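Step one of this worksheet: look at the structure below.
Quantities reported herein were computed from a predicted structural model and do not represent experimental measurements. Labels below follow one simple rule: chain letters A, B, ... track the order of the sequence lines, proteins then strands, and each chain is numbered from 1.
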Protein chains: 2
Amino acid sequence: MKKDKLTLKDVALRLGVSTATISNAFNRPDQLSAARREDILAQCEKIGYTGPNKAAQILRKGRSNIVALVLADSIAYTVSDPVASTFIKGVSKVLQQQGKHLLLYAGDSASILDVVDFVDGFICYGAPKNHKLAQEIVQQSKPAITVDFNIEGLPSVNIDNEQAAYEIANQAVKGGDHVAILGLRLIDSPTTCRVYDSPLIGSDSSISHRRLDGYLRACSEKGVNIDSDWIWHIPESDRNFAKQAAKEVLHSHPRPNTVLCMSDIIALELLQCALTEGLEVPQDLKITGFDGIEEAERTRPNLSTVCQSSVQKGEIAATALLDATQDDTLLSFELKLGETL
Amino acid sequence: MKKDKLTLKDVALRLGVSTATISNAFNRPDQLSAARREDILAQCEKIGYTGPNKAAQILRKGRSNIVALVLADSIAYTVSDPVASTFIKGVSKVLQQQGKHLLLYAGDSASILDVVDFVDGFICYGAPKNHKLAQEIVQQSKPAITVDFNIEGLPSVNIDNEQAAYEIANQAVKGGDHVAILGLRLIDSPTTCRVYDSPLIGSDSSISHRRLDGYLRACSEKGVNIDSDWIWHIPESDRNFAKQAAKEVLHSHPRPNTVLCMSDIIALELLQCALTEGLEVPQDLKITGFDGIEEAERTRPNLSTVCQSSVQKGEIAATALLDATQDDTLLSFELKLGETL
DNA sequence: CTGTTAGCGCTTTCAT
DNA sequence: ATGAAAGCGCTAACAG
């Protein structure tokens with residue numbers, strides 16, 4: 001049978017010193033002589049005391065070394081998204097290095113209240129599906145940072161989505177092209193569909209809006225007009241949703257010869273559908289993606305896309321949170337012109 | 001300026017009732033009349049008290065609603081592995097449903113001690129790289145469950161890896177074939193290499209051993225012998241490591257005509273190398289994978305592999321942990337015979 | 001450098 | 001059905 005865990009008090013008693021001394025030995029080396037400290041630590045080890053109880057420390061110190069990563073969507077969805085998991089990679093690197101722990105928090109949760117009291121801070125990756133969470137984050141007082149969207153008053157990490165979209169579209173679109181856009185989370189619908197005149201959701205600063213603006217600016221400069229029935233809404237960057245949209249585009253008449261996709265996953269799905277249907281890429285169909293995921297380099301033809309470093313985004317977000325930086329960060333991006341143009 | 005958070009005591013004072021009553025209103029509805037409770041909750045809402053402080057609850061109740069998922073490797077590596085992230089998907093579904101939170105814990109961390117005091121339990125997904133963690137898990141007293149490996153005395157979730165490997169090899173290998181094996185974590189080396197006579201690492205029950213046993217049993221039944229210089233060690237299921245091994249195999253003389261791979265990632269990398277080098281699959285080279293990841297169905301030719309449901313594995317592991325089940329679970333698998341055989 | 005002590009905010013008997 | 005009081009295990013002033 002396992003014995004009950006020793007408490008700091010027990011140990012103090014056993015070693016015949018005060019609790020403060022034990023506590024100091026573990027937490028504040030400067031408060032006692034090195035020799036004494038060594039001695040105490042050794043004794044503790046011998047009797048099987050592994051250090052102050054963390055639950056008590058959290059209450060007392062008001063710090064847990066846990067950082068909550070608030071996702072836009074469910075955890076289930078997020079971990080299988082290559083862009084998001086690359087971001088997590090960056091975050092986790094920094095956290096591990098700093099001895100912090102990572103709590104994954106679903107963006108469709110009811111509330112943030114059940115962790116706000118013990119977590120050290122929040123990294124919000126994308127606007128949470130449940131809008132209430134964003135509000136709660138503002139109202140509470142722990143440090144927080146947003147990535148790929150903004151909350152008033154909080155520092156953020158972003159790329160210039162409008163400019164990036166503009167530049168890739170600028171490469172893709174020629175005067176006289178028939179252009180369609182496969183957009184992400186543009187309107188309030190759980191299904192893939194054309195946008196038509198549905199009101200666009202999210203704030204003006206949502207990445208999808210910014211990308212859309214960029215696409216449209218580039219097109220308009222080339223004298224290409226895009227009606228809203230040539231803009232699709234895809235509820236999330238998921239292969240199945242993307243495939244539906246891809247099929248709709250390819251079966252539209254007249255079929256567009258250029259499709260601007262708001263994620264690589266969408267673009268790859270479109271590419272695969274197009275090839276399956278016997279189209280030549282880019283002769284019959286030019287395609288651009290967005291993100292620069294690894295898989296987009298491996299396909300034949302490989303994708304033209306906007307590369308952003310999600311690992312770096314994660315590292316910067318985590319670092320900024322831990323340093324309590326209040327500045328907004330704008331990361332650079334890079335066009336990758338592949339064989340789909 | 002944000003005011004200091006209200007405490008339960010403040011609220012009791014303000015409402016003119018005892019702290020116990022407030023506490024009960026939030027935690028134990030049966031301890032007071034529904035009307036009184038409603039009233040109290042409403043008042044709390046009005047004055048902006050969102051409920052008992054969680055840090056204090058953790059200390060007092062000894063429960064946090066946080067489950068630690070102890071990974072085999074770093075978080076960074078794990079989230080980008082399709083098999084692992086599918087497993088996380090399953091775990092997170094169940095946890096979210098039960099109002100539990102997910103703490104990701106790297107298997108190469110120094111120790112588990114800094115969370116053991118507040119976490120409600122551990123799901124260990126694969127033998128942690130740092131062996132010490134497994135020991136610590138046994139020694140502590142919170143519920144724990146292992147997946148894809150075993151720790152003495154803890155319940156586990158597994159498939160029959162030996163049998164699965166046997167069956168897929170049995171489909172792949174014909175008498176007279178020249179067979180190579182691309183193995184995962186077989187010996188103690190951080191680099192891809194042939195096994196030769198290096199001692200195999202891990203317990204006999206490690207999944208890699210079991211799979212190796214299965215492969216060898218099938219081969220030996222067909223009268224096919226595999227020398228240890230036709231068995232490769234790959235340190236983790238990573239595309240780059242896999243590619244090295246793939247190249248070595250393909251450039252070996254005489255080139256094997258059948259390669260049994262211990263993961264789909266490895267198999268896909270081999271497949272791509274083979275096609276790039278102009279080989280015909282399966283005429284020149286038969287390939288089998290292991291896991292049944294989505295990408296393996298999408299490739300042309302698609303992969304012959306062993307499908308196991310990682311989502312289900314995650315769901316079952318999480319459920320078993322929360323229910324404190326002590327039984328071992330053996331999940332089924334399914335052969336998928338694709339175009340690489 | 002070490003010990004005493006007052007909480008961190010809450011839950012839960014135990015009386016009432 | 002409610003209230004008073006004793007801790008959960010620890011840390012940080014402060015006094016010595």
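Side-chain atoms of A:Gln96 do not come within 3.5 Å of backbone N or O of A:Lys93 as any donor-acceptor pair. Side chain of B:Lys142 to main chain of B:Val116: a donor-acceptor pair is present (N/O by atom type, distance under 3.5 Å, no hydrogens or angles).
Straight-line distance from the CG atom of B:Asp30 to the P atom of D:dT2: 12 Å, rounded to whole Å. Taking atom CG of residue B:Leu59 and atom P of nucleotide D:dA6, one finds them 18 Å apart after rounding to whole Å. Taking atom CZ of A:Phe118 as the reference point, atom C1' of D:dC10 lies 18 Å away to the nearest angstrom. Rounded to a whole Å, the CG atom of B:Asp117 is 11 Å from the C1' atom of D:dC10. When rounded to the nearest whole Å, the span between CG of A:Leu32 and P of D:dA12 equals 14 Å. In this structure, A:Leu13 atom CG and D:dG9 atom P are separated by 15 Å, rounded to whole Å. Going from atom CD1 of A:Ile22 over to atom P of D:dC10 covers 10 Å, rounded to whole Å.
Within 4.0 Å (heavy atoms only), A:Asn24 reaches no atom of the nucleic acid at all. Heavy atoms of B:Asn27 sit under 4.0 angstrom from primed sugar atoms or phosphate atoms, though from no base atom.
Between C:dT2 and A:Thr21, no contact under 4.0 Å exists linking OP1 or OP2 to a side-chain N or O. In this structure, A:Ser18 does not reach the C:dT4 phosphate: none of its side-chain N or O atoms is under 4.0 Å from OP1 or OP2. At least one side-chain nitrogen or oxygen of A:Arg28 sits closer than 4.0 Å to the OP1 or OP2 atom of D:dA12. Phosphate contact (OP1/OP2 of D:dG7, side-chain N/O of B:Arg60, threshold under 4.0 Å): absent.
Comparing B:Ala56 and B:Ala20, the nucleotide of DNA chain D nearest to each residue sits closer to the 5' end for B:Ala20.
Under 3.5 Å, the side chains of A:Thr78 and A:Asp81 contain no donor-acceptor pair of N or O atoms.
For A:Pro52, taking side-chain heavy atoms from C-beta onward, the closest of the listed nucleotides C:dG9, D:dT11, C:dC1 is D:dT11. The listed nucleotides are D:dG3, C:dG9, D:dG9; the one nearest the side chain of B:Val17 is D:dG3.
The OG atom of A:Ser92 lies 9.0 Å from the CD atom of A:Glu315; values are rounded to the nearest 0.5 Å.
By the 4.0 Å N-to-carboxylate-O rule, A:Arg63 lies too far from A:Asp120 to be salt-bridged with it.
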